[in-house]
Amino acid sequence: MAQVIVVGSSNTDLVVKTDRFPKPGETLVGGDFFLFQGGKGANQAVTAGRMGAEVSFISRVGNDLFGRQTRESLEKEGISTRFVLEEENKSSGIALITVNGQGENTIVVAPGANASLTPATVQTCLNSIPNPRFILCQLEIPIDAISFLASYAQKEGKKLILNPAPAFELPESIYQQLFLITPNETEASLLTGLACNTEEDYPKIAQWFINKGVQQVLLTLGEKGSYFQNSIQKIRVQAQKVAAVDTTAAGDVFNGSLAVALAEGMNWEEAITLATKAASISVTRMGAQASAPFRSELV
Ligand code: RIB
């Protein structure tokens, strides 16, 4: 069985469907309301579990109702909550999400206990997880924890995958410790300062990361698919055309599936194709973790 460590956020998503997004200062009467389990870290962990991996998930929740529901839901998914630690006197992470008629979203996150995931806590948890080679993380936890993970991965010979979402400028030293970075177009532009709109832009962006020391780059391009590059290979994978209902967590489903495929020993093309299929199923369903497909659906 493939084994993957996911380090990252857990949120509860409060979601309202609406035909269009409100303008600043406008009150808009929307459609249905949904409460979903979310958080980029938890979404990736749940996806990895549904893909058939044994997942060790390191995260923090508050000592409140949402935190308890998060832990219960993870346990139902078969994911151990041994490393989903409760933080006293903190609220759990919350995301306020609107989803429009085209399935696009806006997301505002109140990190709560996610902001307390320190390098020391991550280290203590990692000391109890001896085997997995692949570690997957995102940027909804403190940058100190990400920097620690990057150094740890390099020292211990682990393969660190960074999904740089939501993106902000990273310490230079992190890049040379990354096995793989998986930005979307907006994140890639923000990190590199380069345009990421056309087929000609993708190799330039990838080369920017490779020059910084990243081993492989995978640009996720939404309905345009993805672009992979390392020092010996360039791979362009197209996405399947689907009617999108809710694109929330499509990137998380992609990253969680990809990590499992790589941990299973698939080659880059096979792994990206599997992750693309999983993400394209997720956008046809409402919700974050609720939309992640099971491995049996990827025939
Ligand atoms: O990537 C989608 C996720 O972003 C949501 O589940 C929300 O919680 C935010 O973390």
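Counting convention: from 1, in listed order, for ligands and their atoms alike.
Counting protein heavy atoms only, atom 2 (C) of ligand 1 is closest to D252 OD2, 3.3 Å. Ranking protein heavy atoms by distance to atom 7 (C) of ligand 1, first place goes to D13 OD1, 3.3 Å. In terms of protein heavy-atom proximity, atom 4 (O) of ligand 1 is closest to K40 NZ, 3.1 Å. The nearest protein atom to atom 3 (C) of ligand 1, hydrogens excluded, is given as N43 ND2, 3.6 Å; this is a heavy-atom distance. In this structure, the protein non-hydrogen atom closest to atom 10 (O) of ligand 1 is E140 OE2, 2.7 Å.
In the model, T198 has a side-chain atom that pairs as donor or acceptor with a side-chain atom of D201 under 3.5 Å. For the residue pair N184 and T220, no side-chain donor N or O sits within less than 3.5 Å of a side-chain acceptor on the partner. In summary, the side chains of N105 and D246 do not present any donor paired with an acceptor at a separation below 3.5 Å, with no hydrogens or angles considered.
Note on ring orientation: taking the six-membered ring where Trp is involved, the planes of W208 and Y175 are perpendicular (angle over 60°, cut-offs 30° and 60°).
For the pair L28 and T98, the minimum side-chain heavy-atom distance is 4.5 Å or more.
For ligand 1, the atoms lying closer than 4.0 Å to a non-hydrogen atom of G39 are 5 (C), 6 (O), 7 (C), 8 (O), 10 (O). Taking a cut-off of under 4.0 Å to the non-hydrogen atoms of A95, the atoms of ligand 1 that pass are 7 (C), 8 (O).
Ligand 1 has no N or O atom lying under 3.5 Å from any N or O atom of A288, backbone or side chain. Backbone and side-chain nitrogen or oxygen atoms of S9 are examined, and none is located within less than 3.5 angstrom of a nitrogen or oxygen of ligand 1.
Distance check: F228 CZ to Q216 CD gives 4.5 Å after rounding to the nearest 0.5 Å.
The closest approach between G251 and ligand 1 stays at or above 4.0 Å for every heavy atom of the residue.
One finds a salt bridge joining E26 and R20 here, because a Lys/Arg side-chain nitrogen approaches an Asp/Glu carboxylate oxygen to under 4.0 Å.
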